[in-house]
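Remarks on the structure that follows.
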Amino acid sequence: MEKPQILLLTHGGWGMALTESLKMIMGSVDFVHEIPLTPEVTFSEYYALVETYAAGMPEGSLIMTDVFGGTTTNAGAKIGKERNIKVISGLNAPLMIEACTQIQYTGTCNFDVVLKQGQASVMDVVNEVMKSIDRKES
């Protein structure tokens with residue numbers, strides 16, 4: 001069975017910058033690909049690019065988008081529904097690390113675990129640090 005892939009759909013291509021940063025932590029993540037949305041590309045053109053790439057994605061692959069309700073997510077949602085590919089909006093580093101770690105070490109990707117990790121990674125840092133300090137002082 002072919003290992004799942006991650007397709008990033010982001011405005012301006014910032015997903016590949018995130019991927020380059022991820023390589024510093026994990027090494028090669030050759031199963032991650034991005035299709036950037038640029039100002040001159042219409043929705044129809046962008047959708048066609050995503051559709052063409054998604055046609056070759058193996059079972060269990062994942063699409064990650066940057067902004068819910070934006071063109072990238074709308075294209076991802078349409079492709080996800082048509083091809084039965086899971087789609088997550090709200091791209092962030094912990095989300096990517098979880099998905100990439102799963103694919104690298106197990107050859108699969110558990111969507112629910114990846115989604116939970118992405119959701120859990122968004123927090124009020126000062127509040128969390130203060131709670132930690134308060135626990136240590138108790």
Side-chain angles (χ1 to χ4, degrees):
M1 184 168 123
E2 195 176 350
K3 123 171 106 172
Q5 296 177 11
I6 297 172
L7 176 58
L8 304 179
L9 305 180
T10 63
H11 291 80
W14 72 269
M16 282 318 294
L18 176 60
T19 302
E20 288 302 313
S21 296
L22 191 64
K23 288 178 185 178
M24 292 175 57
I25 298 167
M26 302 189 66
S28 176
V29 286
D30 60 349
F31 48 87
V32 177
H33 179 78
E34 183 190 29
I35 300 176
L37 176 64
T38 54
E40 69 278 357
V41 177
T42 67
F43 178 82
S44 296
E45 293 167 335
Y46 189 70
Y47 177 79
L49 292 170
V50 176
E51 183 179 42
T52 299
Y53 188 84
M57 292 175 72
E59 186 176 322
S61 292
L62 181 62
I63 295 174
M64 295 184 182
T65 72
D66 53 2
V67 180
F68 183 78
T71 299
T72 56
T73 301
N74 292 340
K78 189 170 189 244
I79 295 293
K81 185 175 184 236
E82 291 170 357
R83 300 199 171 274
N84 196 28
I85 298 173
K86 296 286 190 177
V87 181
I88 294 177
S89 180
L91 180 60
N92 63 48
L95 179 81
M96 285 278 295
I97 290 168
E98 179 64 34
C100 289
T101 299
Q102 286 186 26
I103 292 170
Q104 246 178 7
Y105 296 107
T106 70
T108 63
C109 186
N110 183 318
F111 176 82
D112 293 329
V113 171
V114 172
L115 181 61
K116 284 181 184 169
Q117 177 58 44
Q119 292 168 332
S121 68
V122 177
M123 64 184 72
D124 177 339
V125 174
V126 172
N127 186 44
E128 292 301 314
V129 169
M130 294 310 295
K131 281 197 272 184
S132 176
I133 291 170
D134 290 345
R135 281 192 297 267
K136 287 180 183 178
E137 291 177 353
S138 299

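All values below come from the heavy atoms of this structure, side chains included, with hydrogens, waters and symmetry mates left out. Numbering of residues begins at 1 and proceeds along the displayed sequence.
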When the side chains of residues 18-25 are checked against the rest of the protein, which donor-acceptor pairs come out under 3.5 Å, sequence neighbours left out?
unit_1	atom_1	unit_2	atom_2	d
T19	OG1	G15	O	2.9
E20	OE2	K23	NZ	3.0
S21	OG	A17	O	3.3

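- Rounded to the nearest 0.5 Å, atoms CD (E98) and CD1 (I103) are 10.5 Å apart.
- Listed by chain and number, the residues in a side-chain contact (heavy atoms from CB on, under 4.5 Å) with N127 are D124, K131 (sequence neighbours excluded).
- Using a 4.5 Å cut-off between side-chain heavy atoms of Ile, Leu, Val, Met, Phe, Trp and Tyr, with links allowed through other members, M57 and V29 fall into different hydrophobic clusters.
- Checked by atom type, the side-chain pair S44/T42 shows no donor-acceptor distance below 3.5 Å.
- Residues in residues 4-46 take part in these ring pair (Phe, Tyr, Trp, His ring centres under 6.0 Å) pairs, two or more places apart or across chains: H33-Y53.
- Checked by atom type and distance alone, the side chain of T73 pairs as donor or acceptor with a backbone atom of V67 at under 3.5 Å.
- For the atom pair CE (M26) and CD1 (I97), the distance works out to 7.0 Å, reported to the nearest 0.5 Å.
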(request) Go through the steps for V126 and M130 under the test side-chain contact (heavy atoms from CB on, under 4.5 Å), then give the verdict. (result) CA-CA 6 Å; V126 172; M130 294 310 295; 4.2 Å; yes
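- You'll find the side chain of Q104 stays beyond 4.5 Å of the side chain of K3, heavy atoms only.
- Put simply, the side chain of S61 gets close to the backbone of P58: a donor and an acceptor are under 3.5 Å apart.
- Alongside V113, the hydrophobic cluster contains no other residue (criterion: ILVMFWY side chains under 4.5 Å).
- Residues L7 and I35 meet the side-chain proximity criterion, which asks for heavy atoms closer than 4.5 Å.
- For the salt bridge (Lys or Arg N to Asp or Glu O under 4.0 Å) condition, the pairs that include at least one residue of residues 65-82, sequence neighbours left out, are K78-E82.
- Distance check: I63 CD1 to L91 CG gives 13.0 Å after rounding to the nearest 0.5 Å.
- Judged by distance alone, with hydrogens and angles left aside, the side-chain atoms of Q5 form no donor-acceptor pair with the main-chain N or O of A54 at under 3.5 Å.
- For the residue pair T72 and T65, no side-chain donor N or O sits within less than 3.5 Å of a side-chain acceptor on the partner.
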(request) Apply the test side-chain contact (heavy atoms from CB on, under 4.5 Å) to residues K86 and L115: give CA-CA distance (whole Å), side-chain angles for both, the deciding distance (0.1 Å), then the verdict. (result) CA-CA 10 Å; K86 296 286 190 177; L115 181 61; over 6 Å; no
(message) What verdict does the side-chain contact (heavy atoms from CB on, under 4.5 Å) test give for V114 and C109, after you've listed the backbone C-alpha separation in whole Å, the side-chain angles of each residue and the deciding distance to 0.1 Å?
(response) CA-CA 8 Å; V114 172; C109 186; 3.8 Å; yes
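- The OG1 atom of T10 sits 12.5 Å away from the CE atom of M64 when rounded to the nearest 0.5 Å.
- Inter-residue side-chain proximity for Y47 and I79 is flagged as met; some heavy-atom pair is nearer than 4.5 Å.
- For the pair Q102 (side chain) and N110 (backbone), a donor-acceptor distance under 3.5 Å is present.
- Remark: I6 CD1 to E34 CD distance equals 12.5 Å, nearest 0.5 Å.
- Evaluation of the salt bridge (Lys or Arg N to Asp or Glu O under 4.0 Å) test over residues 6-19, restricted to residues two or more places apart or in two chains, returns none.
- Summarising the geometry, atom CD1 belonging to I88 is positioned 11.0 Å from atom CE belonging to M96; distances are rounded to the nearest 0.5 Å.
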